[in-house]
Amino acid sequence: EGVYNFATMEAKWPAIWDELKVFTPLDDGSKERRYVLDMFPYPSGDLHMGHAEAFAMGDVVSRYWRQLGYDVLHPIGWDSFGLPAENAAIKRNAHPSEWTYSNIDTQAESFKRYAVSVDWSRRLQTSDPEYYRWTQWLFKRFHEKGLAYRKNSPVNWCPTDQTVLANEQVVNGACERCGTIVTKKSLNQWYFKITDYADRLLDDMDALKGHWPDRVLAMQKNWIGRSEGAHVTFVIEAAGEEKAQQELTVFTTRPDTLYGATFFVVAADAPLALDLVTSEHAEALSEYREQVKALSDIERQATDRTKTGVFTGRYAINPLTGEKLPVWAADYVLADYGTGAIMAVPAHDQRDLDFAKAFGLPVRAVLNTGMEDPAETGIASTGEGTLINSGELDGLSKAEGIPAAIAVLEKLGTGKKFVNFRLRDWLLSRQRFWGTPIPIIHCADCGEVPVPDDQLPVRLPDNLRGEDLAPKGTSPLAAAADWVNVDCPSCGKPAKRDTDTMDTFVDSSWYFLRFTSPEYTEGPFDPAKVNDWMPVGQYVGGVEHAILHLLYARFFTKVIHDLGLLEATEPFSALLNQGQVLNGGKAMSKSLGNGVDLGQQLDKFGVDAVRLTMVFAGPPEDDVDWADVSPSGSAKFLARAWRLGRDVDSVVGTDPSTGDAALRSLTHRTVHEVKALLEGHKFNVVVAKLMELVNATRKVIDSGAGATDPAVREAAEAVAIVLSLFAPYTAEDMWDTLGHPASVANAGFPAVDESLLVEQSITAVVQIQGKVKDRLEVSPDISEEELRELALASAVVQKALDGRGIRTVIVRAPKLVNIVPA
Ligand code: ANZ
Ligand code: ZN
């Protein structure tokens, strides 16, 4: 009693919040709904400092919206499939579910202690059969629409994890997970046709501007990589008796430079190269291809590399000039971008110029940009200019030349405008165990047969353990004979299940929809509920998800919308990227030994002090350096705030209007400002404002009859309510001490009396010949006449004038008086 003790509060309140279901939305339409979501965690070990930061920020929004009176949905779940569980299971000769669910339990306990205001009744795990049943169901709907398909193609292969990787999971040529250099392997794999949605994914970003961080939008835009240009088809001459005449199309963003094309390049590793090469050059090509295989895309495109390549023995005919262009195979052209073939214009493309120099190929400038001859300088001429050496295109600018060239090509029937995308289809199959099984059965007679909806989920077998799960290059599921061998659902003959599992990004692409009705058994989500809640009004998570997860979630949302299952076309109306937690200016890591254990911090300072420290350290987007912050300072402030509650000595509901006017004004101004600051995510400034209000309230309490002043109660209650966004235990306890029933979380944001927002006084400066002599506290609406009199009456001014007369007095009410003596 009477002493601030965080441990007592942490022991007391969670059970009460649970019982009162404080954080379970009514979900009955009686209040306007709002959905706030933190990116759900992966269950690796216990919560860490990064979780503590992210969830502190998300909780501010959630608790603020609840105080504003919205019916808030703030759910939690786990992204619980994935490699680490499988690797742990191999090591411990266990099933991945053991490690996974035990970590989830640990994390759930920590979340409860951390007092994140989530509705625990909606908790879900993506590895629960009740969840992945619907992941499979959605996969089937995609499959029916032709948006999930299989193809044979060279894929990124991680030799360590023995699995394929999506392009998005290859970082600088290495596996995102383990850092091993990724190689290419030709495999039959499942893909989602995200490329069908490229334009919409790009166009719909307009509505997100201002609500998503600019850099995230920029990264998505770049990843989608829309390029406007043309497809131009070239005739490849026959090579004697050996090769017949054929056609080859290139993608170019610069059809205006067609007259400057002096050679042709196909990706050396594309099947196309083998198709083109004459027997005379076949051996050289095949040797070269071996060399290319070892390189990553990044290495291949590095501008400082010496260009390499081999001649194919063939020639392409320039459709505009009839000129014969030698066709080369090289690695700087990528097999899976555009058409895998280019027309090379060395005068205006640096890579082409480097190649031309390396192999003595001609260089012809066709755009006069004012730069010196690239053939001489070795520097490709780029930028604006006027077309030259270009027949009918001569004299046009680059901007005019592009459509003009396309018009000429269209007339000849050998080219047309084309928009190319960098975005590739999403490779979703993985040769690993701990993921959602692909609900397809392969039948020799019927082909790919989807598992009927009423037979979903296709459950993972639970009899595989340890070594059974070790990477072997094919899915571990292939070895589970009793699982793999089934009857074809279509003809009844013996058939085999697909043994790959889905990329875990599939699971996380729709979990936010399931949260709106996690118990629903007739579909992935209740069609009414999903429209009641979606889209998510505030999504909170790390910038590391700028491309992968956010792009996939947007894609899923659009497809699900197109399936007629969802009204929303975008999943997240607003996005907040919280910063990282560093220690000593560096990311925490085992090798640096600078890790900070969240549990220890909570034991030492209390949950509220840690949460408040995270929020007070700076704007939510900035990194928090734990070496620079003071959780003990936060703890002291919390105790000071809490003691206000203890010291208030007036009954609940006393009319504050008779109280200390200055304190009242400060309370109302603070609440008013805090609202604007919260809307702008300036949470750290809110904390600073709260500190001011606590100090001012304390001053009034300590002055004479203060504790019984009803303005003190009003201030203390406002402190408790605003504090509840950051320090839920302290605020709840304060609220209780102030005589209110739980929970402060639903107290409602304090109402602002507009008439009290006017500042009570303002400081007017009095100068003599421009030098400040005195300061006067005056009413903001003081008249010039009144201010002039007050200034002249000031004892300090009188003394400074020392009997001199006055020439003029300049008055700028309410802030300034300047006196010029005679
Ligand atoms: C002729 C040309 C002339 C080009 C010129 C550029 C400048 P973005 O903007 O990234 O889409 N290109 C096309 N396919 C390629 C591939 N598979 N591998 C490597 N390079 C490829 O780039 C499009 C340009 O990149 C295309 O336009 C093509 O070169 C090259 F003065 O065609 B250009
Ligand atoms: Zn069959």
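What's counted below: heavy atoms across the whole structure, side chains too, no hydrogens, waters or symmetry copies. Start at 1 and go down the list; that is how both ligands and their atoms are numbered. Starting from 1, each residue takes its place in the sequence as its number. Since the model is a prediction, treat every value here as computed from it, not as a measurement.
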Is a side-chain N or O of Asn485 found less than 3.5 angstrom from the main chain of Lys496, in a donor-acceptor match? no
Hey, looking at atom 25 (O) of ligand 1, which of Arg351, Glu228, His348, Met343 has the closest heavy atom? Arg351
Mark yes or no for whether Glu323, through its side chain, and Thr262, through its backbone, hold a donor-acceptor pair below 3.5 Å. no
Taking the six-membered ring of Trp137, is NZ or CZ of Arg141 closer than 6.0 Å to its centre and within 45° of its axis? yes
Angular separation of SG (Cys491) and SG (Cys446) seen from the Zn ion (ligand 2), to 10°: 110°
So is Leu334 polar-close to ligand 1, meaning N/O to N/O under 3.5 Å? yes
Less than 6.0 angstrom from the centroid, inside 45 degrees of the normal: does Lys307 satisfy that with respect to the ring of Phe355? no
Quick note on ligand 1: atoms under 4.0 Å from a heavy atom of Arg254 include exactly 2 (C), 3 (C), 5 (C), 6 (C), 7 (C), 31 (F)
What I want to check is whether the side chains of Asp425 and Thr195 have a donor and an acceptor closer together than 3.5 Å. yes
Geometric class of the Phe505/His545 ring pair [parallel <30°, tilted 30-60°, perpendicular >60°]: perpendicular
Considering the heavy atoms of Ser227, write down every atom of ligand 1 situated less than 4.0 Å from one of them. 8 (P), 9 (O), 11 (O)
Nearest-option assignment for atom 3 (C) of ligand 1, heavy atoms, candidates Thr257, Leu258, Val265: Thr257
Which residue owns the protein heavy atom closest to atom 10 (O) of ligand 1, what's the atom, and how far is it? Tyr337 OH, 3.5 Å
Hey, mind stepping through Thr180 and Asp161 against side chain to side chain donor-acceptor pair (under 3.5 Å) and telling me if it holds? CA-CA 9 Å; Thr180 309; Asp161 290 333; over 6 Å; no
Between Leu427 and Ser429, is any pair of side-chain heavy atoms under 4.5 Å apart? yes
So is Arg422 in contact with ligand 1, going by heavy-atom distances below 4.0 Å? no
In the protein, what heavy atom is nearest to atom 21 (C) of ligand 1, and what distance, to one decimal place, separates them? Ile342 CG2, 3.4 Å
Please check this pair: side chain of Thr312 against backbone of Val327, looking for a donor-acceptor N/O pair closer than 3.5 Å. yes
Will you find, in the side chains of Thr233 and Thr414, an N or O donor that is under 3.5 Å from an N or O acceptor? no
Of the listed options Val419, Leu353, Thr252, closest to atom 32 (O) of ligand 1 (non-hydrogen atoms): Thr252
Please list the nearest protein heavy atom to atom 28 (C) of ligand 1 with its residue and the distance rounded to 0.1 Å. Phe251 O, 3.8 Å
Any nitrogen or oxygen of Thr253 lying under 3.5 Å from a nitrogen or oxygen in ligand 1? Just yes or no. yes
Sub-4.0 Å heavy-atom contact, Asn420 with ligand 1: no
May I ask you to identify the nearest protein heavy atom to atom 29 (O) of ligand 1, giving residue, atom name and distance to one decimal place in Å? Asp349 OD2, 4.2 Å
To which protein heavy atom is atom 19 (C) of ligand 1 closest, and what is the distance rounded to 0.1 Å? Tyr332 O, 3.6 Å
